[in-house]
Number of protein chains: 2
Amino acid sequence: MLRMGKLTDYGIVLMSYLASRTYQQHSAHTLSDAVNMPLPTVRKVLKALSHNGLLISERGAQGGYNLSRSPNKISIAEIITAIEGPIALTECVGEESHCELEPYCDVQTNWTRINNAVFHALDEVKLSDMLVPQASGVSPIHFYPEATLQNGELHA
Amino acid sequence: MLRMGKLTDYGIVLMSYLASRTYQQHSAHTLSDAVNMPLPTVRKVLKALSHNGLLISERGAQGGYNLSRSPNKISIAEIITAIEGPIALTECVGEESHCELEPYCDVQTNWTRINNAVFHALDEVKLSDMLVPQASGVSPIHFYPEATLQNGELHA
DNA sequence: TTTAATTGGTACTATAATAGTACCAATTAG
DNA sequence: CTAATTGGTACTATTATAGTACCAATTAAA
């Protein structure tokens, strides 16, 4: 399904919440209550986000997290990257490729284009876009229906 | 990393090979040798591709697979969809969502847009594009460097 | 009509990735 | 000094993926 991890999803929900309330610090505990996620998980995600510069953290009593930038300067691509690492659809697109098919593979270089296209799509959606209700005129969800084997051989 | 599965990668390599030799049938065995992948895996992938109408299969002796359409009519999005199922970055974008956060979640509807953007990017790249050597003028790989935690807490 | 080649369907197992949890050190406000 | 809070790391459980095996169905050709 070309899935993101759940933690990334959580991360975007958390970032969205923070984007709507930038006037104060938010502790992991507070956020856990607000978005109804288990505290340990929230802490894990917040750590990753602050580690990668998307959040500014303050320690100690009355500490907490806040966005490091304006929500319209933070892209979905950045959030995904912060939590999952660089966007690399295939192994051979990364820094160090261990794919033993390389000598036989003709399509390797073209992966860069695809990766680029996806990155670009994700980089154009900003955190601020997540706050507003979905704009009208947006086309409905667009995927090929019933595209997977139903029998469990290949998992949906 | 927003990764595709390996099988999908295999699938695209196989489709590319077939696209460059559409004048004949290719058996799983032949393809396994040609692209240097284990036969069982090749068979699994070919089954998924033909099951979803991207390949036409013929059974029996002298049977095999061939593209069902011209390579410029087959998109990368279709291949991914055939092997991994509908592109749905998050759980809540699918048909039946089981996300228990839904009552609290404000960003759900916006996921459709993101999903759309990614799908569109992948749908514009055609199988025929994978055959030609990478066109000049294509920007280099584009991802945020060193974006993951190095310490093993969140895996790259 | 028999045999060999081939795909179709399904089930199973091993491996790897992810999610989730727990713990303690470091920092800071009161 | 104490309570609140993030930082760092390690560990375990769960799930998804990859990989393998098997036999039925089909077809061409000997």
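Chain naming here is simple, since letters A, B, ... match the order of the sequence lines and numbering starts at 1 in each. Computed over heavy atoms, backbone and side chain alike; hydrogens, waters and symmetry mates excluded. This one's a predicted model, so the numbers in the text were calculated from it and none came from an experiment.
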May I have the distance from [X] (atom [atom1]) to [N] (atom [atom2]), rounded to whole angstrom?
X: Lys44(B); N: dC12(C); atom1: NZ; atom2: P; result: 14 Å
X: Leu39(B); N: dT7(C); atom1: CG; atom2: P; result: 9 Å
X: Arg3(B); N: dA18(D); atom1: CZ; atom2: P; result: 10 Å
X: Glu84(A); N: dA16(C); atom1: CD; atom2: C1'; result: 16 Å
X: Leu7(B); N: dA16(C); atom1: CG; atom2: P; result: 15 Å
X: Leu46(B); N: dG8(C); atom1: CG; atom2: C1'; result: 12 Å
X: Ile83(B); N: dG19(D); atom1: CD1; atom2: P; result: 13 Å

Please name all residues satisfying side-chain contact (heavy atoms from CB on, under 4.5 Å) with Ser32(B), sequence neighbours left out, ordered by chain then number. Leu39(B), Val42(B)
Which residues satisfy the side-chain contact (heavy atoms from CB on, under 4.5 Å) test with Gln25(A), sequence neighbours excluded?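 With sequence neighbours excluded, Gln25(A) shows a side-chain contact (heavy atoms from CB on, under 4.5 Å) to Glu58(A), Asn66(A), given in chain and number order.
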Ignoring the backbone of [X], work out which of [options] is nearest its side chain.
X: Arg43(A); options: dT10(C), dC23(C), dG19(D); value: dC23(C)
X: Lys6(A); options: dG19(D), dA19(C), dT21(C); value: dA19(C)
X: His51(A); options: dG20(C), dG8(C), dG8(D); value: dG8(D)

Taking only residues two or more places apart in sequence, or in another chain, which ones meet [X] in a side chain to side chain donor-acceptor pair (under 3.5 Å)?
X: Asn72(A); answer: Ser70(A)
X: Thr22(A); answer: none
X: Ser27(B); answer: Thr30(B)
X: Ser20(A); answer: none

Does dA19(C) have OP1 or OP2 under 4.0 Å away from a side-chain N or O of Tyr10(A)?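 No, outside the criterion.
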With a 4.0 Å cutoff (strictly under), does any side-chain N or O of Ser50(A) reach OP1 or OP2 of dT6(D)?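 Answer no for this pair, as no side-chain N or O of Ser50(A) is under 4.0 Å from OP1 or OP2.
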With sequence neighbours left out, what residues match Arg59(B) under salt bridge (Lys or Arg N to Asp or Glu O under 4.0 Å)? none
Not counting sequence neighbours, which residues clear salt bridge (Lys or Arg N to Asp or Glu O under 4.0 Å) with Arg21(B)? List them please.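 Counting only residues at least two positions away or on another chain, Arg21(B) forms no salt bridge (Lys or Arg N to Asp or Glu O under 4.0 Å).
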Of all pairs that satisfy ring pair (Phe, Tyr, Trp, His ring centres under 6.0 Å), the ones with a partner from residues 16-50 of chain B, not counting sequence neighbours: Tyr17(B)-His26(B)
Those residues of residues 56-67 of chain A lying under 4.0 Å from DNA chain C by at least one heavy atom: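 Correct list: Arg59(A), Gly60(A), Ala61(A).
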Identify, residue by residue, the members of residues 22-31 of chain A with a heavy atom below 4.0 Å from DNA chain C, and return them in order of residue number, or none. none
Terminal axis angle for the helix from dT1(C)-dA30(D) to dG30(C)-dC1(D), five pairs an end, nearest 10 degrees: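 Rounded value for the end-axis angle: 10°.
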